[in-house]
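Residue indices begin at 1 and follow the sequence shown. Atoms within a ligand are numbered from 1 in the order they appear, just like the ligands themselves. Computed from a prediction, not measured in an experiment: that's the story for all the values here.
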Amino acid sequence: MSTSTGSALSGAALVAAVAALLAPAAAQAATPTTCRDTSPSCTIKWAAGRSGIWAGTAIDDEMPAGQLTDTLAHYNAFTTENAFKWSVVEPTQGSPNWTKGDALVAFATANRLRIRGHTLLWHRMQTPSWVKQQVTASPDRQAKLRELITAHVTQVVGRYRGRVQVWDVANEPLALFGSGWDLADGVLTPANFFYNTLGEQYLDLAFRTARTADPKAKLFLNEIVWNPAIGDAKADSLLALVKRLKQRNVPIDGVGLQMHAMLGAKEPMFSGSSTKLTAYMTALAKLGVKVEVTELDVSLPQVRSAYGSQASTRSRLLDLQAAVYRRVVEPCAKVTACTGVTVWGLRDPDSWLDTFGVTSSLAPHEPLPLDAAGARKPAYRALRDSLLKRCTRTTARRNPCSTRWPSS
Ligand code: XIL
């Protein structure tokens, strides 16, 4: 991960930076009741407060100091980008490392930011190798994996009981492309080791264990859905999986839709998808779960290739990017069950896309609402203003934001 907003901090320096920010304590400025586009206080955070939709960013475990202040200025929530992944929490079995997680939780608590704890089980990446080794070596592989999942979920969720409001209990359980599960190893698609060992029951176990460890935390399944706009097989698979989980009374509270608009998004990106994405979120909501957009970023080179000649100037390109943001965020605002939108990083150069294996060749992706200097891009305004669409619904009378927003 590149570090546009300062030098990366070690765990100890991170704790010190967080402590410095905590010193003046928590008092948050009262939410202003009006907002002008050009005003510094007319932020995504402001719109989040008015609309009642959480707006977050991802904060990395090696975060530059500036990210803390950016987060406070623009968002009222964050997701732990890496700090709670199994390989970070417990790289060696029996020696958990809570330094980064503790610092981020303290930062959130002191500043009343909501945390999405990300993520307890992710077969595709960042599961320490000892997990698979131990299971494979065990005479009873299923019992061993159940034991390890139970211990892991219990210790992480239990440690932060009452302080981490939402958990991505399971990340990307389904096959990367197409429908169903990852059964065989591929380059981008390692077999779902959890599924291959325990079947779908691994999800039941993880959710039930998390519920016991913190009965009040909201438990989410987080998944990549490339483009529900066209009802692709994966979106249907996810819907069917959630239905089965609910039928088995698995305690799942919500579904996170990642929404990295980079690979596999059919062209043009999320075109006309507001209606269809709204319908997809509504279908999920009908199953009795909340929905969130959890990892939004919109790669500029991908926008360029999707729109070709329409993206003739930089300014046009940025507007097209903003339009994708709008098409993803507006459905959330329209569906009451949608409780949050999170973008995957603060400033453009912080984006994981620039350094991640398969996406790095297209760097810079510039996929975020804030540019390298921390200035607001058209995508920033698109996200902020789209959140306020919640206020134009029939609930508007109870929600004053609808009458206070001067169009920008
Ligand atoms: C990414 C992080 O941003 C990177 O820093 C890390 O190297 C790999 O993981 N889907 C997810 C996230 O659910 O956890 C991933 O985060 C991005 C894709």
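- The distance from ligand 1 to the heavy atoms of H118 drops below 4.0 Å at these ligand atoms: 11 (C), 12 (C), 13 (O), 14 (O).
- Side chains of Y325 and K377 form no contact here, defined as non-hydrogen atoms less than 4.5 Å apart.
- Residue M125 has at least one heavy-atom neighbour below 4.0 Å for each of these atoms of ligand 1: 8 (C).
- Residue contact check: N171 has heavy atoms under 4.0 Å from atoms 11 (C), 13 (O) of ligand 1.
- The shortest heavy-atom distance from F356 to ligand 1 is not under 4.0 Å.
- No side-chain donor from either of Q201 and Q142 sits under 3.5 Å from a side-chain acceptor of the other.
- Ion pair D253/R211 flagged as a salt bridge, since at least one NZ, NE, NH1 or NH2 atom sits closer than 4.0 Å to an Asp/Glu carboxylate oxygen.
- Cation-pi geometry between R116 and F78 is not met at under 6.0 angstrom from the ring centre and within 45 degrees of the axis.
- The distance criterion of under 3.5 Å between nitrogen or oxygen atoms is met by E172 with respect to ligand 1.
- The N/O atoms of W122, backbone and side chain alike, include none that comes under 3.5 Å of an N/O atom in ligand 1.
- In N82, the part holding a heavy atom less than 4.0 Å from any atom of ligand 1 is the side chain.
- Proximity annotation for atom 13 (O) of ligand 1: of E223, E295, Q126, E295 comes nearest, heavy atoms only.
- Residue W352 has no N or O atom closer than 3.5 Å to an N or O atom of ligand 1.
- Any N or O atom pair closer than 3.5 Å counts here, and D60 shares no such pair with ligand 1.
- Between F84 and W167, the ring planes are tilted. Angles from 30° to 60° get that label.
- Aromatic ring orientation, W98 versus Y160: perpendicular (interplanar angle above 60°, classes split at 30° and 60°).
- Side chains of Q258 and T294: a donor-acceptor N/O pair is absent below 3.5 angstrom, by distance only.
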